[in-house]
Amino acid sequence: MNRFGVFVCHCGLNIAGTVDVKAVSREIGEIEDVSHSEDYIYMCSDPGQLLIRNAVREKGLDGVVVACCSPTMHEVTFRKAVESEGLNPYVCEIANIREQCSWVHQGDKERATAKAREIIRSVLEKLRGNEVLETLAMPLTKRALVIGGGIAGITASIDLADSGYEVILVERQPSIGGRLDQLSLTFPHLDDARCILGPKKAEIANNPNIRVMPYCEVEEVKGFIGNFDVRIRRKPTYVDWDKCTACGVCLEKCPVESLSDFERGLTTRKAIYTGALSENSGKPVIDPIHCRHLVDGTCTICQEVCPEGAIRYDQGEELLEERVGAIVVATGYDLFPMEKIGEYGYGRIPDVIDGLAFERMLSPSGPTGGEIRRPSDGRIPQEVVFIQCVASRDPERYMPYCSRVCCMYTAKQAKLLKQKIPNSQPYIFFMDVRTDSKGYEEFLQGAIEEEELIYLRGRVARVFREGDRVRVWGEDTLTNRKVELDADMVVLATAVVPSEGIKDIAARLRATVDKHGFLTEAHIKLYPVESPTKGIFLAGCGQGPKDITDTVAQASATASKIQSLFSQDALLQDPLVAFVDPEICSGCGICVQVCPYEAREMDEYRGISKVHEALCQGCGACIAACPNNACELRNSKAVQVFGMMETFAEGAEGSLADG
Amino acid sequence: MKIEISRGKVHNEFSQKVEEISGQNLFACYQCGNCTAGCPVSFAMDLGPHQVIRYSLLGLEKEVLECNTFWMCASCLQCTSRCPKGLDIARIMEAIRLVILRKKERLDHLEVAELSEEFLERVPQIALISGFRKFTS
């Protein structure tokens, strides 16, 4: 005879408000093999767990059902509690009477109570078929992959490398630095972006634990937490970087120019270029779309002038295989394209630019050497309109969310404008000004008072050319007046969106994204830097818009999570995985095809299928697909699941059907 | 009603005069409305004190000078004591009164001789004094 214990949680009033927990506990206690049943206000609290532990010890329980919230919340909690009393954790089961009962049946106490009882009865039936299982210990590769070489990826890499772990840092651009490399001064202390980034880049270069792989992309990811097999594609640079001394002669002599992405189209770059123009030490790559040699073979100037003979027009791409134990996704952001915004000129009015373009103008290393000049005629602007919430907070047409950084960078840009051109007048159209971090509100108020910034509360309806100026139609809802003005230049604080290709990379990683393409976290409060896919960690704007401070904090948090993962000798994994009955398996191989984790393989010698327990995530796809019922899931065997269903059906015929 | 905004119009000579006389930075006002919410006579004002500050900052001189707000202001200093940005709003109201008085263009000052005896018995002295002051300051 089993000696089961059942523990019914009130969850405050979450369950007890709808389910008569006392009655449930009493009735369940009458079942023959239940030797202990009780209820408590918060079973997950310390005293609640103590009730379970005491009962296990004193009554010698050999199985436990906790009737409470979803197993995703506290299954681990209660399994640890019973384990501390020497009971196998896999004979502790959760009966979900909150999400699947009390929350959905509020106002119908009688039937909710009956349903809760039947849920517990069916879980007891499952428990009767449970086996005692041992946790699986898997080997662990203590090396991390960081995708994205912006400030998030740089920070995570340094933190991990400093704690002694190897890091592979993959960046798709020719050099690391990311968006921060494009910025001028940063809010709220007006630190130069280069003073933040420079030393970090140097640390990366000098740390023997970090292998930087610029101009590379992650092509394929297999395996699972602890052992991911990653294929990395090194795009052809057409330059032998081992020979190249970054002298810059090729950049000077190349005759082909195209608009520079890095300079946000404010200037051109050559067909052979380095990642960040500010970085003289960067080694160049050839852009195959514009290079005349690569297009039609009509030019070989870079090859002729290179003193080291480093140009390699015939260089192909390279595929590299690496095994890592954890992955940080720090893929960063783009700005919403101005070309999609009709009322602000579809990106066609040259003196309407976006925030990053203005950053390039403010930057001493930018195309104007730090001078603010109109893109159309190079004149120094006197009146500049800044428009916030462009494509942000616009659920009907663009993005519903707040991009979080625009309020602060606009205030900073307006302040720097006034400092560089003292007789200029900045106007800022805003809906709300959000200054939600340390020192931000003080920065904003200081900027408004000292630099005499005119804030106009309203959304600009239209921006169009009027002679050589830009006419702006807005509204100041503080005075209830329509506002019209002629600006020399307009700066749009366009929405932060995930960087291009995020959905592809997420699919390769089996990580999830929300409808805007931002990577989703496992839980916004409990697991904010973890992807729902184990072993994948999220840092920076790929997860959601955020400033440098939050990005760095989040990046360090991912590093810290990975450090604690890597500090284990082996990876412990739930043994709740698939297994095969060799007597029944016919070796058809369907399971091998359906498994999304590549955990199934044919045993050619025995002619049947087998399970790689390290890879299996217990999803059940093979069990559903197996035509012979030869696949089973440990502790969720078919006989158990049918038993649960029958128990529930019996209950439904009885009390549940009443009324 | 539409307003044209430009460098010459916002924070213009009028705005700067108000700032100079009051010693207050109009840019500091973040339009929270606390001054108007707590003002005991705002019910009788054309514009709330916060709106007067906003209009002044944007250089809307005519609209400001035509409203009755600063004449209604009794200088009780409730607004000043509660302003989260530390603006002395009562001083701003006084400054606007002074801008007008210094122009010496107003013809609505009191002629005591024209007031009836009965009225003079009822009217508080302070009202007479402020009535004179409109012309003499």
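Naming convention: chains lettered A, B, ... in sequence-line order (proteins, then strands); numbering from 1 in each chain.
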**Q** Using a 4.5 angstrom heavy-atom cutoff, name the option from A:Arg481, A:Gln382, A:Lys482, A:Arg457 with the most pairs to chain B.
**A** A:Arg481

**Q** For A:Tyr427, is it the side chain, the backbone, both, or neither that has a heavy atom closer than 4.5 Å to a heavy atom of chain B?
**A** side chain

**Q** Can A:Val496 and A:Phe336 be said to form a side chain to side chain contact (heavy atoms under 4.5 Å, CB included), step by step?
**A** CA-CA 6 Å; A:Val496 169; A:Phe336 188 88; over 6 Å; no

**Q** Using ring centroids (six-membered ring only for Trp), state whether A:Phe187 and A:Tyr409 fall under 6.0 Å.
**A** no

**Q** If I measure from the heavy atoms of chain B, does A:Leu453 come under 4.5 Å with its side chain, its backbone, both, or neither?
**A** backbone

**Q** Non-hydrogen atoms of chain B under 4.5 Å away: do they reach the side chain of A:Glu475, the backbone, both or neither?
**A** neither

**Q** Above 12 or not: heavy atoms from other molecules or residues under 6.0 Å from CZ of B:Arg91?
**A** no

**Q** Under 4.5 Å from any heavy atom of chain B, what part of A:Glu383 do you find: side chain, backbone, both or neither?
**A** side chain

**Q** Is the ring centre of A:Phe358 less than 6.0 Å from the ring centre of A:Phe386?
**A** yes

**Q** Could you tell me which portion of B:Leu58 (side chain, backbone, both or neither) has an atom closer than 4.5 angstrom to a non-hydrogen atom of chain A?
**A** side chain

**Q** For the rings on B:Phe27 and B:His11, is their centre-to-centre separation under 6.0 Å?
**A** yes

**Q** Which answer fits A:Asn423, side chain, backbone, both or neither, if we ask what part of it has an atom under 4.5 Å from a heavy atom of chain B?
**A** both

**Q** Would you say the side-chain atoms of A:Arg404 and A:Ser437 include a donor-acceptor pair closer than 3.5 Å?
**A** no

**Q** Would A:Ser363 and A:Ser184 count as having a side-chain donor-acceptor pair, cut-off 3.5 Å?
**A** no

**Q** Name the member of B:Lys2, B:Lys85, B:Arg54 that forms the most heavy-atom pairs with chain A at distances under 4.5 Å.
**A** B:Arg54

**Q** Looking at A:Val433, A:Thr479, A:Ile448, which one has more heavy-atom pairs under 4.5 Å with chain B than the rest?
**A** A:Thr479

